[in-house]
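All remarks here apply to the structure that follows.
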Amino acid sequence: MAAMRRTNFAKMPCPIARGLERVGEWWSILILRDVLSGKTRFDQLQDNLGIAPGMLTRRLNALVKAGLLKRQRYQNRPPRYEYMPTEKAEDFADVLLALTLWGNKHFSADGPRVLVTDRETGALADPILVDRNTGRPMTRGRYKYVAASTRKPVSSPR
């Protein structure tokens, strides 16, 4: 039986495909979640995720190569590193927020497992995606996807 080859999305024109090339493996998303919440050391990540050391090493190396994390030495003997989020990873926090809301809504039959609150007041938040130019909520009926070069419609989530 021939081995299946993984498709490389890095050069596809679709920004969703290009983004998935960097974070599309589930461990990568969970690692980014943990790093963005302050768990930056290998041991912390392994303990929290229950991931095999070899897999964690491979995923961390891939996230560093993709420019989402940077390795920073915190101990010389033996050499130990922590993984710090880059601006790309910080921007991914919005994707994690959207996944949290979606997961709570559709896959938490017994109620939300994680709540989103205002950091200063502690009040529950109800995040929405807003158009920065108009201030209007981005509802599916209000927007469409168009090719940047032609402004012609392209296939999009319905």
Side-chain angles (χ1 to χ4, degrees), residues 3-133 135 137-138 140 143 145 148 156-157:
M4 291 182 60
R5 285 191 158 180
R6 186 183 160 285
T7 301
N8 186 315
F9 296 157
K11 294 185 180 173
M12 289 185 172
C14 173
I16 294 170
R18 289 194 310 266
L20 284 173
E21 179 63 28
R22 278 58 175 207
V23 299
E25 197 275 333
W26 62 80
W27 284 121
S28 296
I29 294 171
L30 295 175
I31 290 166
L32 287 170
R33 177 203 64 190
D34 281 4
V35 168
L36 288 166
S37 71
K39 294 172 185 73
T40 59
R41 296 184 177 182
F42 191 95
D43 302 10
Q44 294 172 317
L45 293 165
Q46 186 179 13
D47 290 346
N48 197 57
L49 295 169
I51 184 174
M55 175 60 78
L56 180 55
T57 298
R58 286 190 297 277
R59 298 313 327 144
L60 287 168
N61 288 338
L63 290 166
V64 168
K65 184 177 179 185
L68 289 151
L69 298 178
K70 57 186 172 195
R71 279 175 40 137
Q72 191 170 305
R73 186 179 285 199
Y74 70 89
Q75 179 179 311
N76 287 326
R77 291 182 189 238
R80 294 199 190 274
Y81 299 88
E82 58 187 346
Y83 295 85
M84 306 305 293
T86 64
E87 184 178 346
K88 288 179 188 178
E90 295 287 348
D91 287 346
F92 192 72
D94 293 338
V95 176
L96 292 172
L97 174 62
L99 279 171
T100 299
L101 300 173
W102 182 67
N104 273 345
K105 181 177 181 180
H106 295 289
F107 306 108
S108 294
D110 56 344
R113 305 298 293 182
V114 174
L115 299 174
V116 179
T117 62
D118 183 288
R119 191 179 296 272
E120 291 178 21
T121 67
L124 282 177
D126 188 15
I128 60 170
L129 186 61
V130 174
D131 179 353
R132 184 185 316 260
N133 296 319
M138 296 286 295
R140 284 190 328 148
Y143 67 89
Y145 292 83
S156 61

| field | Asn76: partners by side chain to side chain donor-acceptor pair (under 3.5 Å), with sequence neighbours left out | value | Arg73

Distance from [X] atom [atom1] to [Y] atom [atom2], nearest 0.5 Å?
X	Y	atom1	atom2	result
Ile51	Trp27	CD1	CH2	4.5 Å
Asn61	Leu56	CG	CG	9.5 Å
Phe107	Arg113	CZ	CZ	15.5 Å
Leu129	Tyr143	CG	OH	7.5 Å
Leu68	Phe92	CG	CZ	8.0 Å
Ile31	Leu45	CD1	CG	6.5 Å

| Just by distance, do the side chain of Asn104 and the backbone of Val114 share a donor-acceptor pair under 3.5 Å? | yes

What heavy-atom pair brings [X] and [Y] nearest, and what distance separates the two atoms?
X	Y	answer
Leu36	Pro85	CD2-CB, 3.8 Å
Ala89	Leu32	CB-CD2, 4.1 Å
Gln44	Gly38	OE1-O, 4.2 Å

| query | Around atom CG of Asp118, are there more than 12 heavy atoms of other residues, nucleotides or ligands at under 6.0 Å? | reply | yes

[X]: which residues meet the side chain to side chain contact (heavy atoms under 4.5 Å, CB included) condition with it, sequence neighbours left out?
X	answer
Leu97	Leu101, Val116, Pro127
Met84	Thr40, Lys70, Gln72, Glu82
Asn48	Arg33, Asp34, Lys39
Asp43	none

| task | Using the side chain to side chain donor-acceptor pair (under 3.5 Å) rule, collect all pairs that involve residues 86-102, keeping only residues at least two apart or in two chains. | result | none

| task | Report the C-alpha distance between Leu60 and Phe42 in whole Å, list the side-chain angles of each, state the deciding distance to 0.1 Å, and finish with yes or no for side chain to side chain contact (heavy atoms under 4.5 Å, CB included). | result | CA-CA 9 Å; Leu60 287 168; Phe42 191 95; 3.7 Å; yes

